[in-house]
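Not measured: the values here are computed from a predicted model.
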Amino acid sequence: MPLNFLVQLAIAVVLAVLSYVLTPKPKRVKPEAAKDLEDPTAEAGRPIPVVFGTVTVTGPNILWYGEKSTKTYEVDA
């Protein structure tokens, strides 16, 4: 009796892992408008948001952010 249960449990685990591996993963594509909001900019005449409480401000208008750089990493598959 316990052997039958263990066989069914092993089959269920194998099928769950197999279904997870074979599930198609959606590609995350950002729209062009969202790409422009990520980098902070300094523009004259841009409205300054007034924040009350705790709020995430996207696309801030700032003068200096620090060194922006990109790094490329190689991953062995």
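For NZ of K25, the number of neighbouring non-hydrogen atoms (other residues, nucleotides, ligands) closer than 6.0 Å is greater than 12.
Hydrophobic clustering (side-chain heavy atoms under 4.5 Å, transitive across Ile, Leu, Val, Met, Phe, Trp, Tyr) groups L15 together with V7.
Interatomic distance, CD1 of I11 versus CG of L18, reported as 13.0 Å (0.5 Å rounding).
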